[in-house]
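The sequence lines fix the lettering, A, B, ..., with proteins before strands; numbering per chain opens at 1.
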Amino acid sequence: MLKNYIKIALRNIRKNPWFSAINIGGLAIGITACLLIAQYVAFETSYDDFHQKSNQLYRISVDMYENGVLQTQSARVAPAVATSFTDEIPEIDKYARLIILGPDGVLTSGDKAISEPDIYLAENSFLDLFSFPLLQGDPAQALTKPFTVVISQNTANSLFGNEDPIGKTIVINSDNFDGQSLDYEVTGVMKNIPQNSHIQPEVLISYSTLHTFVGNMFDNSWTWSETYSYVQLNDQADPEKAESFFSDIYKRSNPNGPDWRYHLQPVTEIHLHSELQHEATANGNATYVYFMVLVSVLILIVGYINYTNLTTLKAEQRSTEIGIRKVSGANRFQLMVQFVMESSIINFTALILALSLTEVFSPYFSSLFGIPVTSLTGSLGGIWFWPIMAGSFIILTVLSSLYPAYVISRLTPSETIKGKVTSNFSGARLQKVLVATQFAVFVLLLSVTFTISSQIDFLKTQDLGFNSEQVLIVKAPKSVLGSGESDFTVFKDKVSSIAGVTGVSGSETVPGQEIYRFTDQIRINQTPVNGVFSQLAVTPDYFDQYGITFLAGDSFPDPDSQDWVINQKAAEIMGFETASEAIGKEVMINDHPHSIKGVITNYHHENLKNAVEPVIFSATDDANYFSVKTSAADIEPLLSSVGTNYASLFPGSPFEYFFLTDFYNQKYELEDQFSLLFRIFSILSIVIALIGLLGLSGFSIHRRTKEIGIRKVLGAGIGNILLLVSQEFMILVLAGSAVAAPLAWYLLNNWLSGFAYKTEINIWIFGISALLALMMALITISWQATKAAIANPVDSLRNE
Amino acid sequence: MIKLVDIDKYLDKKFQRTFILKGIDLEIGQGEFVSVMGPSGAGKSTLLNIIGFLDDANSGEYYFFDEPVHKLNEKQKSQYHKSHIGFVFQAYHLIDELTVYENIEMPLLYRKVKGSERKSMVADMLDRFNIVAKKDLFPHQLSGGQQQLVGVARALIGSPKLILADEPTGNLHSDQSTEIMELFKQLNEEDGVTIIQVTHSEKMASYGNRVINMQDGMLVENNPYLAE
């Protein structure tokens, strides 16, 4: 019996190659898309779950309030927080504090020098809490003594090649250690940090090293919010209970302290659910993951709608066969089994095809989206992969074939044998609903794709308040103490004379970077100002070079000036009615007076995802980044002469540079990536839907061949016929759009709410999407309809 | 063998009930070869379908070997159906995707006959109808008469007590028709199979031993063609 079913199924597949190709191809593309997206989702949700105790690990974050209003949420807290909490709260077992050395340090060993941004100071317990295994060295002691470091395999390779790094000396030079070049002993080599870790340390310096710079008092500070503080709860602890102690402990130690509220963030949720200031690395976004899950479900639905519709229609043509089988003694159950069997063969073929396609496309996909893919089974579910695939296969097969099977087997044999069923087929209504659903998906995905693109466009083309064109950013060299002039001054003097250079300025961070210093200790006339201000040190010509407009006053007279420049937002928070009112006013920070020299417009320093913060600029000539403004059309010769000068000025420092426009737009990498992902898979699902429509309209027109023939005999033109067969699809497009528009609007609103600056959702987007859907549908249908319309009616009528 | 008592079959439309069969009383004994005649729309096929368990009457009683069919459930009907009845159609109704051999074998599959037994039964049938050479061909590779032979073979494979044939020769040339009718006659006389056929042709009807005339859903005495 089984053999008979399989045989007839295979013959049916072979007999209708187009039908089978549409069915199998549509499903295969759908499943492939699903598997690829599943890899993306699996990766994004896998962050930090490789730690043995990942479900006991939490990071302490702080919400800073002023007068009950949330000002800032920071991923970093003061050093005393972790120790006090661990001492007093029984739920907390251990802690580990981490400080990012930032912005950059230069590592030197012998004649090799590399610049490394991911240098952290870490307590030895860090190696205990987190599962970053050491390949060499003793994890219990590696980070206990001052001036010891644990380095990653990568770093070890680039500094020492094949030599054994243990016991070797690395010279680390960083501004944050007063610019000194100091020797560190390598006490451990750790396995490279997995990509799905929210912290990516390449070098860990022992935390105790810090004490030789800032003293032990640093650890008692409740205000110096510099440490990433991780705690490990005991295995039965309720994090909410642990959190409930926080405010008491904080208030007891800081009776007059600011209104700061501490929280625990599960480490595994940081990547997707944490959007705080001062994150260690750029995090992902849960919304994007949800969107992609939605897309994958929609693709699968579209694929299976095709399958169900076409199979049900196909079954009409097979009604005679079904009748004969019934007459030959088949009962309803046996017929259903037969159809489920056929569908399982088609599903199985599609699945095998999809698995192969996924294997083929995974490398492209992973390189396009920076997702490491080891193997299909490895990245998806491990040993559970095959059981999950088998389970989904069975569920999808049964679900997709039940309806056609039900419709088919329900028909009475006397009807089916006469072929009567075609005219008043019972599945017609459901089919319409399914096709309308496809159009709804179509319109939904189109309108979302359009809006995402227009938002990203908006972000990239928005007036930023400064001029980022033609700016080359050079990283400052490792600091050299003792020479009279600053590195910046030396660099500026040399580089300004190069032809094509129109200006050189320096700053602590450049636009596109987060301003990482901040203060809430501002007073005016002894009255505290309620607000958290970002602080940025720049050279006096910074504003001029970036074309930033002064609303009042002007820039610092010299790099040693104690004056401040503030942005408009800061002036408002400080309580100045107009910009000019602020000029010359005295503002205190930690009891040091500063006079306001100028007020600038709010320019977008970080990016347009976040609102402009109040910023206080102070003068310096000790910059981390040198901005070189050029007018040169050809950048290459300029670049090489800047590089030569740099090398001669700062021997031993790697020449590192980037272009500001690229860098700034890189900040939208996550959005770009999401947009591309979404676009690719939207187009895929639209293509699948159109393929299905092609098949469906073919059937629908075939069914009406006689009607079309009669109408033609009675004088209908080709136009009339096209209109006739398109009509029903037009109604379905409209119905689908009506469902899709509010849904798309809701989703987009949700997504856009994550941006401080956003484009409006244009109502026309839905109209245009619907129109596009209609047009594509018409083009698809007309291909079949034209064939029917121009056919000689004599042929179609002779059949009867 | 077959006893119909006051069988009605009708379609209900909004304000009107259209009778397809009305007040049919009919008895057919085992071993009869009955031809049902009458104009198009007289209800011949419907009657055949009801006798063959393919359709249900709206009212009336139907006894098949004294078993009240109108009281049987689906499963019992299906049981009778499989073991007692074979169908032959005007349009042959072979399954296009199956070979001659497989078409004939199909009813056995639903009867859960074992593989080896099935093989010999099909072989017998192929032999008997002289179509052994054609067993691996598909229906569209056969002539109409050959297709109908396969159709008859398929109806006979389950050794039914009753064969219902709805215009079995309607699509055939006269030579082929004669061949099929001779076959029926032989089955009836030698194997004692009861046959009920619907036909428009006097000639075909003459192969049988009884003629039932129908008009407008009712049994009538005389051949309505002759009466006109």
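The two residues B:I95 and A:E321 have their closest heavy-atom pair at CD1-CG, 3.5 Å.
For a residue to count as touching a neighbouring chain, one of its non-hydrogen atoms must lie under 4.5 Å from one of that chain's; by this rule B:Y92 does not touch chain A. With a 4.5 Å cut-off on non-hydrogen atoms, B:D96 touches chain A through its side chain but not through its backbone. For a residue to count as touching a neighbouring chain, one of its non-hydrogen atoms must lie under 4.5 Å from one of that chain's; by this rule B:I157 does not touch chain A. Contacts of A:R325 with chain B are made by both backbone and side-chain atoms, with heavy-atom separations under 4.5 Å.
Under the 4.5 Å side-chain criterion, counting only non-hydrogen atoms from C-beta, B:L98 is in contact with A:R11.
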Given the rule in the side-chain contact (heavy atoms from CB on, under 4.5 Å) test, do B:M106 and A:I324 qualify, once you have shown the distances and angles that lead to the verdict? CA-CA 10 Å; B:M106 190 184 58; A:I324 298 162; 3.9 Å; yes
Walk me through it: do A:V327 and B:F89 pass the test side-chain contact (heavy atoms from CB on, under 4.5 Å)? CA-CA 11 Å; A:V327 167; B:F89 303 95; 3.9 Å; yes
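Heavy-atom neighbours of B:D12 CG from other residues, nucleotides or ligands within 6.0 Å: above the threshold of 12. No more than 12 heavy atoms of other residues, nucleotides or ligands shown are found within 6.0 angstrom of CZ on A:F348. With a 6.0 Å radius and a threshold of 12 heavy atoms from other residues, nucleotides or ligands, A:K15 has its NZ atom above the threshold. Under a cut-off of 6.0 angstrom, the local environment of NZ in B:K161 is sparse, with at most 12 non-hydrogen atoms contributed by other residues, nucleotides or ligands.
Within the model, atoms OG of A:S328 and CG of B:N103 stand 8.5 Å from one another, a figure rounded to the nearest 0.5 Å.
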